[in-house]
Amino acid sequence: MNQFSIVVNRYFSHQKSSYINSNIFKNNCFNLIQRSYLRPSISHASILQHVKELKHLQQVHAYIVTSGLAQNIFLSNRLTNSYASCGLMNDAEQIFHRIPCKNVVSWTILISGYAKNYRFVEAIGVFSEMVASGLLPNDITISSIVPAFGKLGLTQIGKSIHSFWIRRGYGSNVIVETALVGMYSRFGHVGVARKVFDYMPERNDVSWNAIIECYSDHGFGEEGFRLFNLVRREGFTVDCFTIMSLISAASSIDGSRVGEGIHSFASRTGFQNDQLVRTALMNMYVNRNCTDDAYFIFNEMKVKDVVAWTLMLTAFSSGKYWAKALEHFNEMMRVEDLELDSVALMGILKSCSSLGALHQGRGVHALIVKIGFTHDMFVGSSIIDMYANCANLEDARIFFEGMEEKDVACWNAMIAGNGMNGYGNDAIDLFLQMKGLDINPDESTLVCVLCACSHAGMVDKGLDIFSHMVKTWNIVPSSRHYACVVDLLSRAGRLRDAYSLVNSMPFDPDFEVYCALLSACKVHGKIELGIEISNKLFQLEPNDAGYYVLLSNMYALAGNWEGVKMTRVSLRAKGLKKDPGFSSIEINGELYTFMAGQKDHPQYSEVEGLVKFMIERIKEAGYVPDTKSVLQELSDDVKFDILYHHSEKLAIAFGLGRTKQGTIIRITKNLRTCNDCHYASKFISKVFERVLVVKDANRFHVFEGGVCSCKDFW
DNA sequence: GTAGGGTTAG
């Protein structure tokens, strides 16, 4: 055994068992298997062309075998490479194994073949086999395997290859060094990547692209642009990789002008029609919440691949255009030969989940079973989330329990599902079970558990868990955790404790914490404190419409209409829009979405009559409209009209009219439920003898016989 | 004689 094989084998014997058992490895494997399945290197359009070539290749192959040329290592190596280039790794592997005296080139071909086909785990497997067989990798072998370490995040072995490379004294090699820059970039070790780059005696365009990409991809867009401008003056040739890096750099810099600038640069350099460049531009606009710009590029694309479709789906979902997302998904399903992958499936499950579209969600679940994605834990956790959010905790539980393997995300989804439905104790039980199974909770797990306590009104239990977290489990609370505890305390009316907790935090509270405190102020009518906190929030997140709305609502509660006007004006001046409220209801598999006071709704006249009838009936039972819920300065009559046409009431009235007595009415809304709708829903459940399940932005409310499961805390 | 580095979604 040579020095190198000792290093590698030592690494593998020490690291293997723990690494193989780690989630990182499993997730990576999953990704790889998926990627290799979903991204066959042959696109549909070129399959025929490839078959022709393959036939050719097979003929040559047959000729080589029958004429006894297979012993020729050069020919066999070339043959292995040809099969590998077609993505036919099984054939490549077979030929490779029949080579009697494999040389470094034979091994390198197989390694790079796997790497090129995104099968990094196999590439590394072959590499370690090669090393174990006593052969030393050369510079080409190293440059082929180094990206695999980077892509799999194998920092230790990556670093040892690097030090091996230096120790062996091969001398400088621009390709190996560029690959190392790329590897450290993947590890997120920007400084090390820069060091390797700085020490390179020779650099080419690819090296410059690699370092520019490294900075751009890690949020240092400014440095990416700086390096680009530096090298540009020295005869550097811009290619599509450069463009991609600059798009990524632009994404990390605030301000739409940078993005537009790079978009026009892409056009000027003639790369705007490149599929990857277009996708990257779409991605940039999606990240900037410029859904329209993303949609424009999407529509202009002649060939829309699954990535483009998915990006657009994500754009609609993250922009909270839920109905548009569903429509987009249905369209996507009709595209022939579009192979859906886990990201696409997760996107659509998220849309179903947010809309409470159980019927569609079930359909997607069936599809997932059909195309064999049930073992994907990313998809699995989304299925759990979808059922739990569609008020179907039972199906979530059945799926969860049927999973052969569950990662922390699946547990989190299940815990959150119980929490949202008000089952605080069950959520805690799940959490304890999970700890018992030695599955490490992550930040979200504790957030889910604390939220569950909050939703169930289990204040002491939640505080108890928080103190265990710090003292027993050695978990350093994050600002999300603090935000949960603030919420927990404010729910118990302990606003003073919440405020002193925020002041005692070991780091500066972020917007999330202040936001929790602000909501608490609104609930408890602490206007002055609320305004003070709002000012802090505006400094932290000047562009979030949500806080302006909260502040405006607070002024309204205090009767300070001047304040309301001021806030609304500055909101408009900034060009910010608040999310329009909507409620949806699924009847016989059809999803109906209502927006407040929406007169152009196709079911408008039907709903109008139903609402009138519904309001009359609950008024007889004692319902008095809560005009305080209308946070604008208007006459009472107008306020009544606004209240009666809240999206939630429209959806409920429609549900009452369209479903049989005894059917549970399930509503999903994107915002938190307002006081008046909550109050009215209690009357509706009693007067019409119906169970109403309302999922708001935070949790479920089950109204039955005049009471709500949230016990009036939300 | 055979082999190599830098792209896009949670």
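What you see below is based on every heavy atom in this structure, not just the backbone, and it leaves out hydrogens, waters and symmetry mates. Here the structure is a predicted model, which means the values were calculated and not measured. So you know, we letter chains A, B, ... as the sequences are listed, proteins then strands, and number each from 1.
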- Interatomic distance, A:D407 CG vs B:dG10 C1' [rounded to whole Å]: 12 Å

- Presence of donor-acceptor pair under 3.5 Å, side chain of A:D205 and base of B:dG6: no

- Message: Whole angstroms only, please: what is the OH-C1' distance between A:Y114 and B:dA3?
- Response: 16 Å

- Report yes or no: does A:T314 contribute a side-chain atom to a donor-acceptor pair with the main-chain N or O of A:T310 at less than 3.5 Å? yes

- Look at all strands and tell whether A:S207 reaches a base, only sugar-phosphate, or nothing, counting heavy atoms closer than 4.0 Å. base

- Task: Tell me whether the OP1 or OP2 atom of B:dA3 has a side-chain N or O from A:N81 closer than 4.0 Å.
- Result: yes

- Item | Out of B:dA3, B:dG1, B:dG4, whichever nucleotide has its closest atom nearest the side chain of A:I175 | B:dG4

- Message: In this structure, how many angstroms lie between the C1' atom of B:dG6 and the CD atom of A:E213, rounded?
- Response: 6 Å

- Item | Any donor-acceptor pair under 3.5 Å from A:N117 side chain to A:A84 backbone | yes

- Message: Please identify which of these residues, A:T108, A:I145, A:I157, meets the side chain to side chain contact (heavy atoms under 4.5 Å, CB included) condition with A:F127.
- Response: A:I145

- Here the pair of heavy atoms bringing A:A123 nearest to A:I111 is CB-O, 3.7 Å

- Message: When you compare the side chains of A:N204 and A:S207, does any donor N or O come within less than 3.5 Å of an acceptor on the partner?
- Response: yes

- Return yes if some donor-acceptor pair links the side-chain N/O of A:S354 with the main-chain N/O of A:K350 below 3.5 Å, else return no. yes

- Task: Report yes if a donor N or O on one partner sits less than 3.5 Å from an acceptor N or O on the other, where the partners are the side chain of A:N173 and the base of B:dG4; otherwise report no.
- Result: yes

- Item | Whether A:K116 side chain and A:G113 backbone form a donor-acceptor pair below 3.5 Å | no

- In whole angstrom, what separates A:Y83's OH from B:dT2's P? 20 Å

- Please determine, for the side chain of A:V105, which listed nucleotide (B:dT2, B:dT7, B:dA9) has the closest atom? B:dT2

- With the side chain of A:S143 defined as its heavy atoms from C-beta on, choose the nearest nucleotide among B:dG1, B:dG10, B:dG4. B:dG4

- Query: If you check every side-chain atom of A:N77, which of B:dT2, B:dT8, B:dG10 has the closest atom?
  - Reply: B:dT2

- Between B:dT2, B:dG4, B:dG10, which nucleotide gets closest to the side-chain atoms of A:V343? B:dG10

- Task: Say whether A:E300 and A:Y295, considering side chains only, have a donor N or O and an acceptor N or O under 3.5 Å apart.
- Result: no

- Message: Using whole Å, what does the distance between atom C1' of nucleotide B:dG10 and atom CD1 of A:I368 come to?
- Response: 14 Å

- Note on the structure: Ordered by number, residues from residues 381-389 of chain A within less than 4.0 Å of DNA chain B (heavy atoms) are none

- With a non-hydrogen cut-off below 4.0 angstrom, is A:R186 in contact with a base, only sugar-phosphate, or nothing? sugar-phosphate

- Message: Under 4.0 Å, heavy atoms only, any strand: does A:V181 hit a base, just the sugar-phosphate, or nothing?
- Response: nothing

- Donor-acceptor under 3.5 Å (A:R278 side chain, A:Q272 main chain): yes

- Item | Residue A:K151, side-chain heavy atoms: nucleotide from B:dG6, B:dG5, B:dA3 that is nearest | B:dG6

All N/O donor-acceptor pairs, side-chain side in residues 189-200 of chain A, below 3.5 Å, sequence neighbours left out:
unit_1: A:R194; atom_1: NE; unit_2: A:D198; atom_2: OD1; d: 3.2
unit_1: A:R194; atom_1: NE; unit_2: A:D198; atom_2: OD2; d: 3.4
unit_1: A:R194; atom_1: NH1; unit_2: A:Y215; atom_2: OH; d: 2.9
unit_1: A:R194; atom_1: NH1; unit_2: A:E223; atom_2: OE2; d: 3.1

- Query: What nucleic acid atoms does A:N204 come within less than 4.0 Å of, heavy atoms only: base, sugar-phosphate, or nothing?
  - Reply: base

- Query: Near DNA chain B, under 4.0 Å by heavy atom, which residues of residues 273-292 of chain A?
  - Reply: A:L276, A:T279, A:N283

- A:R203 CZ - B:dG6 C1' separation (whole Å): 16 Å

- Out of B:dG6, B:dT7, B:dG10, whichever nucleotide has its closest atom nearest the side chain of A:N209: B:dG6

- May I have the distance from A:M301 (atom CE) to B:dA9 (atom C1'), rounded to whole angstrom? 12 Å

- Message: Please report the distance, rounded to the nearest Å, between CZ in A:F298 and C1' in B:dA9.
- Response: 14 Å

- Query: At under 4.0 Å between heavy atoms, what does A:K116 touch on the DNA or RNA strands: base, sugar-phosphate, or nothing?
  - Reply: sugar-phosphate

- Of the listed nucleotides B:dG10, B:dG6, B:dT7, the one nearest the side chain of A:M244: B:dT7

- Can you find a donor-acceptor N/O pair under 3.5 angstrom joining the side chain of A:T178 to the base of B:dG5? yes

- Message: Can a donor-acceptor pair be found, under 3.5 Å and without considering hydrogens, that links the side chain of A:H328 to the backbone of A:M312?
- Response: no

